[in-house]
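As structure tokens, the structure follows; a few thoughts come after it.
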Amino acid sequence: MTLITKKKITYAIQPPLHAYLQQYDRETTLPVTYKDLTHFSGAYPLADRQGRDTMWETVFYEPQALRELSDGLAQVYAILKTDGDLSFTEHLLADRVDYCRFGNSNPFRVRIVNQLNDNYDYFYVKKADASRVYGLELEHLLSPNSLNYLVSGETLIEEHIVGIPGDDFIRDRLRAPHLNQVRIAKEFVKFNERCFARLLGDMRAYNYVIDVTPDFEDEQYRVRAIDFDQQSYEGKKTMYLPQYFKDNRAVVQLCSKLLKDETIRQYQTEERTLMARRARSERYRLKDLIDCMRRDEVSTPEKVELLKLQLGQHHGTEQFRRCRSMGDVVRLNLKLMLTRPRPE
């Protein structure tokens, strides 16, 4: 069982990473910041449709502050979605703001309603953290999932990632008669491989979602990370393998039951091949990102040394001894994972 015993350190975005974000259109000026949203006057717990605690609170503001925030948040949504075309904002309303005290980033979740048809969408306002930005970028470049986010100073804006929370899916749907369990097992193997290759940690069940897509004969599934705070921060190798987290045990047991070792190796190879193709396609941007990361501090020296040791043992190589930073470790792990088969 894998445990996280201490809250992750927050790392400020340094000038080289800011320059990268500007170069690739991830940085902008926003009318509302994370700090603006912290000035709420009260809050009450938010429950789900079954009455269970969601770990979120709906916050409320003084009337004048709410009017100003609502206009600004509608503009933020337009900047995120339509590249700043504010002509759509007159019928958009930020009708609810939720706050989560749990976890590292203490995010705000904003619900935006289209008043012409009552359709709604969400986005998130968080404290900008270098680890999370590196995680978002690596997900965007190396996974099958494109991500939409923006940074403004110390504020991070993220688009909502649609899907069924992993813990809800495991509890309520994993044993459903209509579920294609083999496909779920296959996707979890691939998700596990992606996380380990790019060293994304802490993929407990509530940190990813299951995206379900109806197909002409059945359903297709994709496991998608939604929390990137633990991008290459921890020192233990098992932190980067979702299979070792207790609340993923039911899915791991499903994989063991339904998939033969040969099939698992096939799916791992398939995923590494796809990641390698994406890396080649985005090689210049990926190099710029990794170069920033290699010069940055995103973990403690003790954790870097421990991970170097464990990954060296895993891959059967002394190359990790030459790594000086966590960015060096990520670079080498990607190289070893995507250019040759993973050892047994």
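Numbers here are sequence positions counted from 1. None of the values given here were measured: they were computed from a predicted structure.
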Taking the cut-offs as 6.0 angstrom to the six-membered ring centre and 45 degrees off its axis, would you call R183 and Y221 a cation-pi pair? no
If we ignore angles and hydrogens, is there a donor and acceptor under 3.5 Å between the side chains of Q266 and E262? no
What pair of heavy atoms forms the shortest contact from A94 to S70, and how long is it? N-OG, 3.4 Å
Side-chain heavy atoms of Y34 within contact of N106, under 4.5 Å: yes
For the backbone of V32 and the side chain of D36, can you confirm whether one donor and one acceptor N or O come within less than 3.5 Å of each other? no
Could you tell me whether the side chains of N333 and Y240 share a donor-acceptor contact shorter than 3.5 Å? no
Centroid separation under 6.0 Å, is that true for the rings of F196 and H314? yes
Could you check whether any side-chain heavy atom of S232 comes within less than 4.5 Å of a side-chain heavy atom of M293, counting everything from C-beta outward? yes
ring-ring contact (aromatic ring centres under 6.0 Å, His included) involving Y61 - partner list, sequence neighbours excluded: none
Are W56 and Y208 connected in the hydrophobic side-chain network, where two residues link if heavy atoms are under 4.5 Å apart? no
Answer whether the closest heavy-atom distance between the side chains of M203 and F191 falls below 4.5 Å. yes
Hey, do the aromatic rings of Y149 and H140 have their centres closer than 6.0 Å? no
Give a yes or no answer on whether the side chain of T89 reaches the backbone of L92 with a donor-acceptor pair at less than 3.5 Å. no
Give a yes or no on whether R324 atom CZ has more than 12 heavy-atom contacts from other residues, nucleotides or ligands under 6.0 Å away. no
Sidechain N-carboxylate O distance under 4.0 Å for E137, R285: yes
When you compare the side chain of T58 with that of D98, does any pair of heavy atoms fall below 4.5 Å? yes
Salt bridge between E139 and R198, side-chain N to carboxylate O under 4.0 Å? yes
May I ask you to decide whether D71 forms a salt bridge with R67, counting only side-chain N to carboxylate O separations under 4.0 Å? no
Report yes if the side chains of L200 and L138 come closer than 4.5 Å at any heavy-atom pair, otherwise no. no
Taking NZ, NE, NH1 and NH2 as the nitrogens, is one of them in E193 or K190 under 4.0 Å from a carboxylate oxygen of the other? no
Indicate, with yes or no, if Y124 and Y206 share a hydrophobic cluster defined by side-chain heavy-atom contacts under 4.5 Å among Ile, Leu, Val, Met, Phe, Trp and Tyr. no
Might you work through the salt bridge (charged side-chain N to carboxylate O under 4.0 Å, His left out) test for E234 and K303, ending with a clear yes or no? CA-CA 6 Å; E234 294 292 344; K303 292 180 186 296; 3.2 Å; yes
Taking L136 as the starting point, is it possible to reach V76 by hopping between hydrophobic residues whose side chains are less than 4.5 Å apart? no
Please evaluate residues Y20 and V133 with respect to the criterion side-chain contact (heavy atoms from CB on, under 4.5 Å), reporting the C-alpha separation (whole Å), side-chain torsions for both, the decisive distance (0.1 Å), and the verdict. CA-CA 11 Å; Y20 171 93; V133 171; over 6 Å; no
Distance-only polar pair, side chains of Y120 and D95, donor-acceptor under 3.5 Å: no
From the options K8, R132, K126, select the one residue that forms a salt bridge (charged side-chain N to carboxylate O under 4.0 Å, His left out) with D229. R132
With the 4.5 Å side-chain cut-off for hydrophobic clustering, are L30 and L156 part of the same group? no
If only side-chain N and O atoms count, and only distance matters, is there a donor-acceptor pair under 3.5 Å linking Q268 with R265? no
Of the non-hydrogen atoms in S299 and V304, which two are nearest, and what is the gap between them? CB-CG2, 4.2 Å
Do Y122 and L73 sit in one hydrophobic cluster, given that two such residues count as connected whenever their side-chain heavy atoms are within less than 4.5 Å of each other, even indirectly? no
State, with a plain yes or no, whether a side-chain heavy atom of D247 is found less than 4.5 Å away from one of D167. no
Mind checking what makes side chain to side chain contact (heavy atoms under 4.5 Å, CB included) contact with R331, not counting sequence neighbours? I290, R294
Have D296 and Q14 got a donor and an acceptor in their side chains that come within less than 3.5 Å? no
Of all heavy-atom pairs linking C255 and A185, the shortest is SG-O, 3.5 Å
With sequence neighbours left out, the residues meeting side chain to side chain contact (heavy atoms under 4.5 Å, CB included) with A279 are L142, L286, L338
R224 (side chain) donor-acceptor with V162 (main chain) under 3.5 angstrom: no
